[in-house]
Amino acid sequence: QVQLVESGGGLVQAGGSLRLSCGASVNIFSIHTMGWYRQAPGKQRELVAVSGGSTNYAEPVKGRFTVSRDNAKNTVYLQMNSLKPEDTAVYYCYARGLREHWGPGTQVTVSS
C-alpha cells in the first residue's frame, strides 16, 4: 500500500509563492505517474499537474506552477508562483502505478 503525505500548504497573499511536497512511503521510481489535483469549495476535484511519460498542466496554472519529482527522496513537489485567489483549494497528491493512491490533502489559501 502506497501512503502519500502532503506538506507545505498555508496562507499566502496574491502574487506570492508556495512549494508543496508529497512524501511517499515507497520508492517512487517504479510509480509511473505522480502529480497534483485540487478541490475548491463547492467544486469537483480537478487536475493541476501530473508527471509521467510526459508532464501535463491544467490551463489555469500553465506558466505559474511546476511539478517535479525527486526519486532519491521519494518526493514530488509542486512549485506554485504568482498565486491567485482562485488557486485557493485543498491540494491532493496523486500516484498511479498498478492502482491509484491519494494523499489526505493540504489546504492552500490565497488572499486578495
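Bear in mind that the values here come from a model prediction, so they are computed numbers and not experimental data.
For residues 43-90, no residue pair satisfies the disulfide (SG to SG under 2.5 Å) rule, not counting sequence neighbours. Sorted by first and then second residue, the side chain to side chain donor-acceptor pair (under 3.5 Å) pairs involving residues 5-29 (not counting sequence neighbours) are Ser17-Asn81. Sorted by first and then second residue, the disulfide (SG to SG under 2.5 Å) pairs with a member in residues 41-81 form an empty list; sequence neighbours excluded. Within the structure, no pair that satisfies the disulfide (SG to SG under 2.5 Å) test touches residues 35-67, not counting sequence neighbours. Identified under the disulfide (SG to SG under 2.5 Å) test for residues 72-112, with sequence neighbours left out: Cys22-Cys93. Residue pairs meeting the side chain to side chain donor-acceptor pair (under 3.5 Å) criterion with at least one member in residues 97-112, sequence neighbours excluded, are Tyr94-Glu100, Gln107-Thr109.
We find the CG-NE2 distance between Leu98 and His32 to be 12.0 Å, quoted to the nearest 0.5 Å. Between the CG atom of Leu78 and the CG atom of Leu18 there is a distance of 9.5 Å, given to the nearest 0.5 Å. How far OG1 of Thr33 is from CZ of Arg96: 4.0 Å, rounded to the nearest 0.5 Å.
Using a 4.5 Å cut-off between side-chain heavy atoms of Ile, Leu, Val, Met, Phe, Trp and Tyr, Leu11 forms no hydrophobic cluster with any other residue. Phe29 belongs to no multi-residue hydrophobic cluster, having no ILVMFWY side-chain contact under 4.5 Å with any other such residue.
Every residue two or more places apart in sequence or in another chain that forms a side-chain contact (heavy atoms from CB on, under 4.5 Å) with Val26 is listed here: Val2, Ile31.
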Under 3.5 Å, which donor-acceptor pairs do the side chains of residues 38-49 form with other protein atoms, sequence neighbours left out?
| from | atom 1 | to | atom 2 | distance (Å) |
| --- | --- | --- | --- | --- |
| Arg38 | NE | Glu46 | OE2 | 2.8 |
| Arg38 | NH1 | Asp87 | OD1 | 3.0 |
| Arg38 | NH1 | Tyr91 | OH | 2.9 |
| Arg38 | NH2 | Glu46 | OE2 | 3.3 |
| Gln39 | NE2 | Lys43 | O | 3.0 |

For residues 52-63, tabulate all N or O donor-acceptor pairs below 3.5 Å that involve a side-chain atom, not counting sequence neighbours.
| from | atom 1 | to | atom 2 | distance (Å) |
| --- | --- | --- | --- | --- |
| Tyr57 | OH | Val67 | N | 3.0 |
| Glu59 | OE2 | Lys62 | NZ | 2.8 |

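Residues Leu4 and Val50 fall into different hydrophobic clusters, defined by Ile, Leu, Val, Met, Phe, Trp and Tyr side chains chained together at heavy-atom separations under 4.5 Å. A single hydrophobic cluster is seen to contain both Trp36 and Val12, as judged by linkage of ILVMFWY side chains at heavy-atom distances under 4.5 Å, directly or through other members. Placement of Met34 and Phe65 within a single hydrophobic cluster is found when ILVMFWY residues are connected by side-chain heavy-atom separations under 4.5 Å, directly or transitively.
In this structure, the side chain of Arg64 engages the main chain of Ser82 through a donor-acceptor pair within 3.5 Å. Checking side-chain atoms of Asn74 against main-chain N and O of Ile28 turns up a donor-acceptor pair under 3.5 Å.
The two residues Thr88 and Val110 make their nearest non-hydrogen contact at OG1-N, 2.9 Å.
Side-chain atoms of Leu20 and Val108, non-hydrogen and from C-beta on, do get closer than 4.5 Å to each other.
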